[in-house]
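Report on the structure given below.
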2 protein chains.
Amino acid sequence: MEVSYDPLRATAALENGIFPAGCPSRTVLDHVTSKWGVLVLLALSEREHRWSELRRRADGISEKMLAQTLKTLEQDGLVHRQSQPVIPPRVDYSLTDSGQEVAALLVPLATWAFENAEKILGNRN
Amino acid sequence: MEVSYDPLRATAALENGIFPAGCPSRTVLDHVTSKWGVLVLLALSEREHRWSELRRRADGISEKMLAQTLKTLEQDGLVHRQSQPVIPPRVDYSLTDSGQEVAALLVPLATWAFENAEKILGNRN
DNA sequence: TAAGGTACTGACATGGAAGTTAGTTATGAC
DNA sequence: GTCATAACTAACTTCCATGTCAGTACCTTA
């Protein structure tokens, strides 16, 4: 998968007023940068996960929030849900092509946060 | 400015359990991916802005939220605040080096959101 | 026989994020 | 003399994201 990024179009997009309030890009941005959305996308960027694995990987998430987050991302076409009719139930979640695109952009961001966390929060004292 | 990104360290960071709950990276990530934080960083990635300019650029933001967001980003050492002792007051905000680093990662994300918003929210019907 | 894993859903509660309104400071414009 | 402006702060309120708890269906293991 290749993530294409044309700086000219980027500039055009951000040029005047950035995103007006209520514009769809805001909604999308909110979904993918949401507290739990980021973590789920990051986990899935590595490999497919099943429900219970995600629950452990996104440390601290409640079941309700995991369900909600996955539903949103699935509706957005970023996450693919595949349930197998077995007992006990087994559901696998993976990224769609679009999902892979965002995840690829999210990973460097998370890495940056991880590497700079100390320095940044250190300023605070 | 060059943003260095070493995929090996990235993998190490994300390898086990991603970010544990309550870990500082989560806080940092929350700051830079917050609803208004993203918009402010994007605006400043272009050029220095004064308060009232940011207020217009981050369409829909309240004064309270702008103040709060800027204060957080300033404490994090991502945004530099320079006030001039003139009447009426004039305060300019710009990115620090760290700020430029994150902003550089945020721009492609925002661009992606902008370009894919229609497609993504279109799924929804 | 009862306890536990799996993938959920729904009702209810709450805390923190966000909005609203008003006030401040000092000056220049009318 | 009073209105506007710029960049805020503080108090109060509202609302939504999130948490908590309970329940479901079916099977496996102890």
Side-chain angles (χ1 to χ4, degrees), chain A residues 19-23 26-41 43-44 47-76 79-94 124, chain B residues 18-23 26-41 43-44 47-76 79-94:
Chain A
F19 312 94
C23 121
R26 290 263 192 114
T27 308
V28 173
L29 211 47
D30 282 351
H31 290 179
V32 302
T33 63
S34 71
K35 181 177 179 182
W36 300 117
V38 179
L39 294 183
V40 167
L41 289 170
L44 294 181
R47 58 172 178 81
E48 179 173 285
H49 280 70
R50 47 189 304 197
W51 167 275
S52 48
E53 287 175 328
L54 282 175
R55 203 174 176 318
R56 282 186 289 271
R57 288 298 299 270
D59 191 26
I61 198 173
S62 67
E63 300 202 331
K64 180 191 158 187
M65 275 303 107
L66 180 54
Q68 203 177 102
T69 303
L70 285 170
K71 199 165 285 175
T72 301
L73 295 176
E74 197 195 346
Q75 284 180 344
D76 288 349
V79 162
H80 176 69
R81 184 194 119 105
Q82 175 153 17
S83 79
Q84 275 143 37
V86 296
I87 299 288
R90 177 189 181 99
V91 182
D92 291 308
Y93 292 92
S94 54
R124 199 162 294 276
Chain B
I18 312 188
F19 311 95
C23 121
R26 290 264 191 112
T27 309
V28 173
L29 212 46
D30 281 352
H31 290 180
V32 302
T33 63
S34 71
K35 181 176 179 183
W36 300 117
V38 179
L39 294 183
V40 167
L41 290 171
L44 293 182
R47 57 171 178 80
E48 180 174 285
H49 281 69
R50 48 190 303 198
W51 166 276
S52 47
E53 286 175 328
L54 282 175
R55 201 173 153 25
R56 282 186 290 270
R57 288 300 297 271
D59 190 25
I61 197 173
S62 68
E63 300 202 331
K64 179 190 159 187
M65 277 302 108
L66 179 54
Q68 202 177 104
T69 303
L70 284 170
K71 198 165 285 176
T72 301
L73 295 176
E74 197 195 346
Q75 284 179 344
D76 288 350
V79 161
H80 175 69
R81 184 193 120 104
Q82 175 151 15
S83 78
Q84 274 143 37
V86 297
I87 299 288
R90 176 189 181 101
V91 182
D92 291 308
Y93 292 93
S94 54

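Each chain gets a letter, A, B and so on, in the order its sequence line appears, and its residues count up from 1.
Spacing between atom CG of B:L70 and atom P of D:dA6 amounts to 16 Å, rounded to whole angstrom units. In this entry the distance linking CG of A:D30 with P of C:dA17 reads 15 Å, nearest Å. A:L66 has its CG atom 16 Å from the C1' atom of D:dA17, to the nearest Å. Atom P of nucleotide D:dA17 and atom CD of A:E63 are separated by 20 Å, given to the nearest angstrom. Rounded to an integer number of Å, the gap from CE of B:M65 to P of D:dT14 is 17 Å. A straight line from CZ of B:R90 to P of D:dA6 spans 11 Å, rounded to a whole angstrom. Rounded to whole Å, atom P of C:dA7 lies 10 Å from atom CD of A:Q84. Look at NZ on B:K64: it is 12 Å from P on D:dT9, rounded to the nearest Å.
Considering all non-hydrogen atoms of both residues, B:L39 and B:A58 come closest at CB-CB, 4.3 Å.
Candidate nucleotides C:dG19, D:dC8, D:dT5 were compared by shortest atom distance to the side chain of B:R81, and D:dC8 ranks first. In the set C:dC8, D:dT20, D:dA7, C:dC8 carries the atom at the smallest distance from any side-chain atom of A:W51. The side chain of A:W36 approaches D:dT18 more closely than any other nucleotide in the set C:dA7, C:dA18, D:dT18. The A:K71 side chain lies nearest to C:dT9 when the options are C:dT9, C:dT6, D:dT18. Looking at the side chain of A:R50, the nearest of the listed nucleotides C:dA18, C:dT6, C:dC8 is C:dT6. Side chain of A:V91, nearest nucleotide from D:dA6, D:dG19, C:dC8: C:dC8. Distances from the side chain of A:P89 to the nucleotides C:dG19, C:dA7, D:dT18 place C:dA7 closest.
Contact between the side-chain N/O atoms of B:S62 and the OP1/OP2 oxygens of C:dT20 is not found at any separation under 4.0 Å. Contact annotation: A:R55 side-chain N/O to C:dA7 OP1/OP2 distance is not under 4.0 Å.
Between A:R57 and A:D59 no salt bridge is recorded (no basic side-chain N to carboxylate O distance below 4.0 Å).
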(Q) Apply side chain to side chain contact (heavy atoms under 4.5 Å, CB included) to residues B:L54 and B:L70 and explain how you reach the verdict. (A) CA-CA 10 Å; B:L54 282 175; B:L70 284 170; 4.0 Å; yes
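Of the two residues near DNA chain D, B:P88 and A:K35, the one whose nearest nucleotide lies more 5' is B:P88.
Between atom OH of residue A:Y93 and atom CD of residue A:E48 there is a gap of 11.5 Å, rounded to the nearest 0.5 Å. Atoms OG and CZ, on B:S52 and B:R90 in that order, are 8.0 Å from each other to the nearest 0.5 Å.
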